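The structure appears below as C-alpha cells.
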Amino acid sequence: MKWDEFFVTGDPLIYGAMVSIVLVSLAILVGLTYFKKWGYLWREWLTTVDHKKIGVMYILAALIMLFRGGVDAVMMRAQTSMPDMKFLDGQHYNEIFTTHGVIMILFMAMPFIFGLMNVIIPLQIGARDVAFPRLNAISFWLFFAGAMLFNISFVIGGSPDAGWSAYFPLAGIEFSPHVGNNYYSLALQISGIGTLMTGLNFIVTIMKMRAPGMTLMKMPMFTWSVLITSVIIIFAFPVLTVALLLMMFDRQFGTQFFTMQNGGMDMLWANLFWVWGHPEVYIVVLPAFGIFSEIISTFAKKNLYGYKSMVISMLVISGLSFLVWAHHFYTMGQGAMVNGFFSITTMAIAVPTGVKIFNWLFTLHKGRIEFTTPMLYSLAFIPIFTIGGVTGVMLAMASADYQYHNTMFLVAHFHYVLIPGTVFAVIAGFHYWFPKVFGFRLNERRGKTAFWFIIISFNVTFFPLFFLGLQGMTRRMYTYSEETGFGPLNMLSMVGAIGLTIGFILLVYNIYWSTRYEPRDTTGDPWDGRSLEWSMPSPVPVYNFAVVPEITKRDEFWFAKQEGKSLSDKKIEKIHMPSNSGKPFILGIAFFFLGFFVVFSWWTPAIVAGIAVLLTMAAMSFDRDDGYYIPVEEVVQSEKRLRGERV
Amino acid sequence: MKIDATQPLEYGTEENRNKIFGFWLFMGAEIALFATLFTVYFVLVDRFASGPSGADLFVIGPVLAETFILLTSSFTIGLAVHSMRLGLKKQMMIFMVITLVLGAAFLGIEIYEFFHYVHEGAAITTSAFTSSLLTLLGTHGAHVTFGLLWGTAILLQVRKYGLDHKTANKSFIFSLYWHFLDVVWIFIFSFVYLKGLM
Amino acid sequence: MKKRGPLLALFFGLTMLLSGCSSLTVLDPKGPAARTLSDTIIFSILMMVGVLAVVYILYVYMLVKYRAKKSNEGYVPPHEEGSTKLEITWTVIPIIIVLILSVVTVRTTMAVENVPEGYENQEPLVIYASSSNWKWHFSYPEQGIETVNYVNLPTHRPVEFRMYSFGPITSLWIPQLAGQKYAMSDMVTKINLVADVPGSYMGKNANFNGEGFAHMNFEALAMSQAEFDEWVQDVKNNEGELTEAEFDKLLETPHVGRMSFASTHLSFSPPPEEGHHHSGSTEKENGNQEHQDNKEKFPEPSSTDEDEAEFDFDPNVHPDDPTPVDPGDESTHHEGH
Amino acid sequence: MLKQLFPVKHVVGYVASLVLTLIALVVLMDLPAAVEIGILAVTAILQASLQLVMFMHIGESSEKKSLYINIAFAIFMALVTIFGTLFIFVWGWYA
C-alpha cells in the first residue's frame, strides 16, 4: 500500500482536520509534560477502577464524540441547504452521513448513557462499586479503543461510506474496496465486546449488590431501566458480534455470506443488522426513560406515578423490542403476512410507551413543578417525543411505509425519537447529576439559555424534514436540483442546525463558566432529591457509602429527610476496595492495534497484537490482587471533612 | 473479603458468587451468539451453489467420534469439580488434564475434518453454505481452543496456589464453560450433521 | 412551555395541507395504489393528531395548574401510588387504536400488493425494471423494446413492474403511482400499479447505493393507450437493437441520459430466478455469464407471442426439478434433503 | 474411592447422554422428515437440560430464579431469531 493511499488526501477539509488533530495531540502531550501530570493521569485515570471516574471518562469521550458527530451533521445540512450545492462531493457526503450515524448511536449515545449508569447506579442502590470494577475498566477501554479506531479512519485509509447500516452488497469488497468498512466492522466489534461486558456487569451489580432491604420493586426507576437495558444488551449484542464477524469474513477472507454470487444473500445482513439494531434503539432509549422518571418526580416534588406499571411497561418493551426488526425492511418484497405481523408487533410497542407518557403526566398532576434546567429538558421531552412516537406508529403501518421508507420523513421520525429520547435525557441527566460528581451545579441561567436554543432549533431543524419526506426527498442524497422544490425547507433546516450548534456551544461554555464561578454545593443534595445518591456528600468519596443504608421503602432518602433521620448513623467499619490496575488500559491499546492491523490486513503485526491481547488476559488471570482496606479512622476523617457542618 | 465456610469454596465469597452469576449471564449471551450462527446456517443451508451440499460432505464416523469425545470430556470436567468439592487437589487435576487432552483430541479431529472438507471442494469461500457451515463449526472450535488455553492457565494456578476460593472459583466457572460448549456441540451434531445426513 | 403553540399550529397546518396540497407528492396520488396509500397516511395522521391532542391538552393543563408559584409556596404534593383504573384506561384505549390501525394496515398492504381493484381482469403490462450502478433499465418484453432512465406507461392499464438489480440494493419508487420496493440481485420483486391520470411523474431510486445515488432519477410518463402504442412503434422504427456488447458497456457506465432500444436485454441477460432465494443458486457477478447459458431457453420476445414472453422467465429451474418452483413453497427445500 | 470419585449422578448423566446420542442416530434411517426433526429436537433438548441440571448444577445457586429467567430469555431470543428469520425469508415469502 502506498502512503498516499494510507493517508486520505486531496480534500482541504481533511487536511484541516489532520492539522488540528496533530496540533491538539501535541498540545495535550506538551501540556501533560509541562504541568508534570503524566503520573497523575496514569494513577488517577488510566488505571482507575472507580466507577465514578470511569463514568466521567465515558461522558467526556461521549461529549467529544457528540461534537465529532455534530460537525458531520452540520456539514450534511450545509451541503443540502441549497439545490446543487458544491460544498462536499458525493463520496465525502457519503462518508460523513455514515460516520454521523455510527458515532452518534454507538460512540455518543451509548457511552453517554454508560457514563451516567456508571456514576449513578452504584450510588442509587447503596453499593461500594459495580460488581466487577476491573471488568468495568476493561469495558471502558475497549469502547475507547473502538471509538478511536473508528475516528482515525477519516485521516488514515478513509471512512466507511455505505451508511451506518452498511447494507450489502454495497458494503461488500466489490463495491467498497477501500478499508472504510473494515474500520466499521472492527471498531464496532471491539467496542461491542466492551458494551456486552458492561451489560453483564450491571445486571450482576443491580441483582446482587443492592443495599439490604432494597427489593427489586423498591429500586429507583433509573436503576430499573438500566437493569432492563442491560438484559437487552446481553441478548442483542451477540447478534451484532456475529454479523460483524461475517462482514469481516466476507470482506477480508472471501466468504460468501452476503455476496451476489455462490448463494450469498444480501438481505441476510440487513436481517442480522436489524435483529440487533432494533433492540439497540431501546438500549439507548430505556435508560433515558429512567432518567426522565427520576427528574420529573424530583422536580414535581412527588413520587413517580404508577411505579408498577412503569416497570411492567419497560419489561414489555424489552420483550417486544426483539420482535419487530423486519419493519426496517418492509419493502424487501416479503409477503403481506410477514409485514402484517411485524406491523402489529411494532405498533404494540406504542401501548407500553403510551402508558409511560401518561404516568409521567400524572406524576406532574398535583405536584409543585420547579422549572430547573434538567426539568426543562425532561418536560420538553414529553411533547416532542410524542411526535416521534406517533410518527413511529405511522411508519409501523407496512403499507404506508412503502411511501415513507428511506425518505426524510423517516429521518425526521428517528431524530424526533432519539434526540428528545436520548440526547435530551443525557443532557438532563448530566445537569442533574453534575453536582453529585463535581460538587457544584451548572449555572441555571446559562443552562436555560442553551436549553431554549436547543429546543427551538431542534424543531426548526427536523420538523421540515417530515414535509420533505412527503415531497419525495429520499435520505442520503448529497444533492438535488432546483426543480424538485426541496430547497426552501432544507434551508430552514440548515438555519435550525446553526441554532443547535450555538445551543451546544452554549452548553459547553456553561460547563466552563460554572467550573470557574458557580458556588460550591455543600449539602450534597442541591435539588432536594429522593434517591440514595443524594444522601452522600458531593463529590462522593472513593468508597461511596461510609455505612450502607438499610432500605425499607421506595424513595427512602426522601422520607428520611422528612422524618429528620439520618441514613448513615451506623457504626463505620473498615472498607474493602479494589486496587487500580493498568492492565485494562493495556488491553485496550492491544485491541486497538489488533483492530488497526486487521483493518489493513497486515497479518503478521495483527498476530503479534493478538498475542499481546491473550498475554494481557493471561496476566489478569494470574493476578491475585485482593484489593486493600481503608481503615476506620480514615473513613471517619474523610466523612467529617466532606460533610462539613452537616454532621 | 468475607469467606462463607458453609458454601463450597467456589461460592465462598460474595465476589465468587457474583462471578458465577455473571458467567451464567455470559452464557445467555453465548446462546444468543450461537443462535445467530445457527440462523445464518439454516437460512443458507440450501444455497450451496456449484459446491457440495451437506449430504455430499458429511461423514458420520468422525462426527460420532467428536461427539463421544466431547461428551466424555464434559463428564470428566464434572468429575473434576466433584473432586474439587471433596478437596482432592490431585484427583481434580488429573480429571482436568484428561478433559483438556480430550478437548485437544476433539480439536484434532475437527481440524482433520476441515482438511477433508477443503479436499472435497468445500472451502470457506466456496458457497454461502460452506461459509456458514465452517463459520459455525469454526466458532465452536475457536471456543474449544480458547477453553484449552484458559483451562491450562487455571491448571497452572491450581498447581501453584492449591485449591483456594480463587482457583476453585475459576475452575468451577471453567467447568460451566466446558459443559456449555458440549451443549452447543449437541445442537451442531443434531441440526447440522444429522439433519444434513437425513 | 412556549413551543407547544407553534408545534400545534404546524400540525393543524399539516392537516389543512392534506386537502389538496400538490407539493406533497406522496399525498397527491395519480393512481389507485398511491391513492390507497395516501388515504391510509391521512387516516393515520388524523388519528395521531387526536392522540397528540389528548397528550398536549393534559400536558398544558398540568404545567399551567401545578407549576411552582408564589401562591402555592409551602404546598406539599401528596403521595400517590397510581390508579389502577386510570392505568387500565390508558392501556386499553391505545390497544384499541392499535387494533384499528392494524386492521387498516393489513387490508391496505394486501390491497397495494395486488393488482388494483377494478383492473384485475385486464392483462397487466409487464415491465422489467433493473438497476445498474446509477441508472434504471426498463424492458418491455411484450413490446420488445427497452428504455433507460425513463419509463412510459399507458393509463388505465395495470402495470406490473418486476425489479432486480445488477449491483447493490436499490428501491424503485414512483411516489405518485405506488409505494417503493427493493430491487436486489438475486431475486425479482414486484410492484403492481395503475396510472389513471396522464402526466409526468418523478421516479427514483430510494435506497442508497453509492456515490451517484443522488442522480438516480427517472421520469415516469403516463399517457393514453393510443399514445403509448404510437411511442412503442416509434421506438421500434427509429431506434437500434440493444446488443449484448452494447449492454455490457452500458452496465459499466456510471451515468447515462435517456436511451431507447428496439430490443430488450432479457434475451441474453435474463433476470434472476423469479420468486425468491432458490436453493443452490449459482448466479455469477452481474448475472451475465450464467445467463448466457440460458439463452436457448429464452426465445427473443416479440409482440406476437406475448404469453410466452411473459411466463417463460424462470431460468434457474433445476433440470431435475419436475415442476417450476413455487416461491411460496421454499420450505420444502429445507426439510427435503 | 472409586465410588467417591465417580458419583452415581454423574455416571447416570453420562450414560444417559450417550444413550440419547445413539437414539438421535435413528434419523439416519428413512423416516418421515417431520418425525426425524421431532426426534432431533427432543433428544437435543433433553441432552441440553441434562448438562444444565446434572453437570452444571443450575439449581444449586442462590440465584436460581434469575438463572432460569436468564436461560429462558436466551432461549426466547434464540427461537425468535431463528424462526423469525426463517419466517421472513422462507415461510412468509411470496413474490
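Labels below follow one simple rule: chain letters A, B, ... track the order of the sequence lines, proteins then strands, and each chain is numbered from 1. This structure is a prediction, so every number in the text was calculated from the model and none was measured.
For the atom pair C:K69 NZ and A:R368 CZ, the distance stands at 9.5 Å (nearest 0.5 Å). Atom CG in C:N207 sits 9.5 Å away from atom OG1 in A:T474 (nearest 0.5 Å).
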- [ ] Evaluate the side-chain contact (heavy atoms from CB on, under 4.5 Å) criterion for residues A:D266 and C:S185: first the C-alpha distance (whole Å), next the side-chain angles of each, then the deciding distance (0.1 Å), finally the verdict.
- [x] CA-CA 8 Å; A:D266 43 18; C:S185 62; 3.8 Å; yes
Open item on the list: A:H405 vs C:Y182, test: side-chain hydrogen bond (donor to acceptor under 3.5 Å, both in side chains). Steps then yes/no.
Closed with: CA-CA 11 Å; A:H405 186 65; C:Y182 285 173; 2.6 Å; yes
- [ ] Go through the steps to decide whether C:Q180 and A:Y330 satisfy the test side-chain hydrogen bond (donor to acceptor under 3.5 Å, both in side chains), and finish with yes or no.
- [x] CA-CA 10 Å; C:Q180 62 185 290; A:Y330 280 144; over 6 Å; no
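Remark: the C:H215 side chain and the A:Y480 side chain contain no N/O donor-acceptor pair separated by less than 3.5 Å.
Residue contact with chain C, scored on non-hydrogen atoms closer than 4.5 Å, involves the backbone of A:A348 exclusively. Within the 4.5 angstrom heavy-atom criterion, only side-chain atoms of C:L37, from C-beta onward, approach chain A. Of the atoms belonging to C:L86, it is side-chain heavy atoms, and not backbone ones, that fall under 4.5 Å from chain A. Contact annotation for A:L304: only backbone heavy atoms (N, CA, C, O) come within less than 4.5 Å of a heavy atom of chain C.
Side-chain contact between A:Y305 and C:E87: present, with at least one pair of heavy atoms (C-beta onward) separated by less than 4.5 Å. A:N406 places none of its side-chain heavy atoms less than 4.5 Å from the side chain of C:F208. Side-chain contact between C:V54 and A:F358 is present, with at least one heavy-atom pair separated by less than 4.5 Å. The shortest distance between side-chain heavy atoms of C:V26 and A:F409 does not fall below 4.5 Å.
Residues A:F362 and C:W90 bring their aromatic ring centres within 6.0 Å.
In this structure, A:K366 fails the cation-pi test against C:Y66, since its NZ or CZ atom is not both closer than 6.0 Å to the six-membered ring centre and inside 45 degrees of the ring normal.
Counting all heavy atoms, side chain and backbone alike, C:W173 lies closest to A:G469 at CH2-O, 4.4 Å.
Note: A:M394 leads A:M473, A:M394, A:K301 in heavy-atom pairs under 4.5 Å with chain C. For the set A:Q91, A:M397, A:R475, the count of heavy-atom pairs under 4.5 angstrom toward chain C peaks at A:M397.
Ion pair A:R554/C:E81 flagged as a salt bridge, since at least one NZ, NE, NH1 or NH2 atom sits closer than 4.0 Å to an Asp/Glu carboxylate oxygen.
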